[in-house]
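When a ligand or atom number is given, it counts from 1 through the structure's own listing order.
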Amino acid sequence: MRQLPPPQINSTNRCLMGGPHPPAQGSQTSISYIYTKARDGDRKRTNMATTSFTAPKLSSPTLQTLYRNLPVSVPLPKTRSSFSRHLSPSISRFHHHHLHRHRLFSVRAESENGAEPPRHYDFDLFTIGAGSGGVRASRFAANFGASVAVCELPFSTISSETTGGVGGTCVLRGCVPKKLMVYASKYSHEFDESNGFGWKYDAEPKHDWSTLMANKNAELQRLTGIYKNILNNAGVILIEGRGKIVDPHTVDVDGKLYTARHILISVGGRPFIPEITGSEYAIDSDAALDLPSKPEKVAIVGGGYIALEFAGIFNGLTSEVHIFIRQKKVLRGFDEEIRDFVGEQMSLRGIEFHTEESPQAIVKSADGSLSLKTNKGTVEGFSHIMFATGRRPNTKNLGLESVGVKMNKNGAIEVDEYSRTTVPSIWAVGDVTDRINLTPVALMEGGALAKTLFQNEPTKPDYRAVPSAVFSQPPIGQVGLTEEQAIKEYGDIDVYTANFRPLKATLSGLPDRVFMKLVVCAETNKVLGLHMCGEDSAEIVQGFAVAVKAGLTKADFDATVGVHPTSAEEFVTMRTPTRKIRQKPDSEGKTGLEAKAAAGV
Ligand SMILES: NC(=O)C1=CN([C@@H]2O[C@H](COP(=O)(O)OP(=O)(O)OC[C@H]3O[C@@H](n4cnc5c(N)ncnc54)[C@H](OP(=O)(O)O)[C@@H]3O)[C@@H](O)[C@H]2O)C=CC1
Ligand SMILES: N[C@@H](CCC(=O)N[C@@H](CSSC[C@H](NC(=O)CC[C@H](N)C(=O)O)C(=O)NCC(=O)O)C(=O)NCC(=O)O)C(=O)O
């Protein structure tokens, strides 16, 4: 796609960020606050004495532009902008109160090239979508001194054209409720483990589905409230409704128009279900997180993150679970040995895998049960059929085509390295751009954008060594290259693996095992990739991700003392390579110490 030049930081930002400006001679505008940088990068507002000054007489064009771009605060009642004109009385009252509490209404004058007449905007940044990326960009931008509004649809556990909620996918329909359900479902395995440690129950522990759903939903309500407060405390104005871009600087929210110097699209994605006969009987992950009762027998179509996580959840909560994947293995793109290992371990916990089976139709029987017809036959008697067949960017009905924001064939917004779309004033972060669809990545993109636009610090998100976890049971954690990627990229690698029965399994008597792998560059001794499937792998990999990101060598790992007895210690005690792969001609590979010396470490 077209690469736009790095964003130019305009003089508004420079002035705003630069701390107290000397009052321009003769101005009558009151400046109420300055912003000082706090340790964590957020900014603290400092109350300043109001300064009165009248418009300065500036001779140089640069200074004139600088002055036009100064953020000037105008008391709301005196200045009715296009923004306040369109507000309904109740929203207007809220904004009036809110703006006065946080900062006076900011009207900015802009002249893009010095020749055009200055334009006034209601906001420096208008964000569409208050999920992880949108909230992060908006609140950081506000903390950097920008005037920011964000619009979001009303709360619902199920996303649609008319529902969403502050917090977005991660908080309301993804990571958080999913992890709560993972916690709920893990107990059954733990009850099984406990017998070997002497625990006896007079009766089988019972699970009450409605208690779990009620507590989970109460937590989601709490979190959406927390996210509203986070925005409010940062001085971001929240507007409930559906945003649609009208022109490169204007957003329509349910009939009211708001102008902004920059528009950010952070509307995320939604589950995708392929169109097959009977697909209306299928549920997606939104619905699966909010079922009124436990599924008795569930088919899960797909072999990605979501399919494996829900298979573990329903299996742990004692549903009968069948997974249908169109390939031989789950988790395309993951390390091959991890793909094999997780499949085996999940099978041992009672999940049935149907491989190389593609769904063709769903049929509902008179008794209400569902059958899944595939290329290999029909499996009957499901209470639920869940599709976890990927997610699609949420870019319909946003007005993107009409303003010229380019999208790829899946509807993902194309952006440059700074998250800028093909329209220079419009930016996009998070799943809507389909880069790496993970919450911490959206947070990174949102934070980088706020710095780029409002802190005079053009910042590209860094996609090297992004760790991730699949909260399957057992879970997977990984960072860096798979063995297959490393061979392709480096040719010569050493692979260290450990496949062992963890201490806990010796008394529990369960067939649980752990698999761990280090992929090491033979030439430099750097650890290129680290993979684990087994209890606690997500927690373990987060720490090791620092080492991989920092480019540490296998020798550095060897020099680290283990924590005993843990599974994690295997990563620092793998002494002999399981295999050495040599693809470069005449290549022997170096030992750890030789490589360390060669690299000057
Ligand atoms: N723990 C985490 O960090 C989590 C992250 N996520 C994020 O959300 C994204 C979406 O997750 P998910 O929905 O699991 O998507 P994924 O892309 O991970 O997996 C989709 C799965 O569905 C299969 N599939 C796609 N289309 C069809 C079809 N028409 N018929 C049969 N099978 C099909 C794919 O098979 P094939 O491989 O053959 O294409 C693949 O196995 C992930 O990529 C991840 O970024 C989601 C949940 C948890
Ligand atoms: N990691 C811990 C904490 C989980 C957590 O971070 N909970 C979040 C909610 S979900 S997570 C939602 C996600 N937050 C985060 O990912 C926070 C990550 C990290 N603390 C950071 O600052 O980068 C997000 O969308 N952030 C937008 C933003 O920060 O701008 C929270 O806000 N809790 C407050 C509370 O419970 O009182 C755990 O797993 O137990």
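Checked by atom type, the side-chain pair S185/Q473 shows a donor-acceptor distance below 3.5 Å. For the residue pair R513 and N499, a side-chain donor N or O sits within less than 3.5 Å of a side-chain acceptor on the partner. No hydrogens or angles considered: nothing links the side chains of E445 and Y418 as a donor-acceptor pair under 3.5 Å. With hydrogens and angles left out, the side-chain atoms of Q478 and S468 include a donor and acceptor closer than 3.5 Å.
Annotation: cation-pi geometry satisfied between R392 and F272 (NZ/CZ under 6.0 angstrom from ring centroid, within 45° of ring axis).
A distance limit of 4.0 angstrom between heavy atoms and ligand 1 selects the residues K178, P274, G302, G303, G304, Y305, I306, E309, R326, Q327, R332, P359, A388, T389, G390, R391, N437, L438, A469, F471.
Here F471 and F310 keep their ring centres 6.0 angstrom or further from each other.
Between V148 and D124 the shortest side-chain heavy-atom distance does not fall below 4.5 Å.
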Quick check for students: name every N or O atom pair between ligand 2 and the protein closer than 3.5 Å, with distances.
{"from": "ligand 2", "atom 1": "14 (N)", "to": "Y227", "atom 2": "OH", "distance (Å)": "3.1"}
{"from": "ligand 2", "atom 1": "22 (O)", "to": "R136", "atom 2": "NH2", "distance (Å)": "3.1"}
{"from": "ligand 2", "atom 1": "23 (O)", "to": "R136", "atom 2": "NH2", "distance (Å)": "3.3"}
{"from": "ligand 2", "atom 1": "25 (O)", "to": "S132", "atom 2": "OG", "distance (Å)": "2.8"}
{"from": "ligand 2", "atom 1": "26 (N)", "to": "Y227", "atom 2": "OH", "distance (Å)": "3.2"}
{"from": "ligand 2", "atom 1": "29 (O)", "to": "R136", "atom 2": "NE", "distance (Å)": "3.4"}
{"from": "ligand 2", "atom 1": "29 (O)", "to": "R136", "atom 2": "NH2", "distance (Å)": "2.7"}
{"from": "ligand 2", "atom 1": "29 (O)", "to": "R139", "atom 2": "NH2", "distance (Å)": "2.9"}
{"from": "ligand 2", "atom 1": "30 (O)", "to": "R136", "atom 2": "N", "distance (Å)": "3.4"}
{"from": "ligand 2", "atom 1": "30 (O)", "to": "R136", "atom 2": "NE", "distance (Å)": "3.0"}
{"from": "ligand 2", "atom 1": "30 (O)", "to": "R139", "atom 2": "NE", "distance (Å)": "2.8"}
{"from": "ligand 2", "atom 1": "30 (O)", "to": "R139", "atom 2": "NH2", "distance (Å)": "3.3"}
{"from": "ligand 2", "atom 1": "32 (O)", "to": "Y227", "atom 2": "OH", "distance (Å)": "3.2"}
{"from": "ligand 2", "atom 1": "36 (O)", "to": "R222", "atom 2": "NH2", "distance (Å)": "2.8"}

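Residues meeting the ring-ring contact (aromatic ring centres under 6.0 Å, His included) test with H354, sequence neighbours left out: H322, F324.
Residue pairs satisfying the salt bridge (Lys or Arg N to Asp or Glu O under 4.0 Å) criterion with at least one member in residues 158-180, sequence neighbours excluded, are listed as follows: E161-R242, E161-R270, K178-E309.
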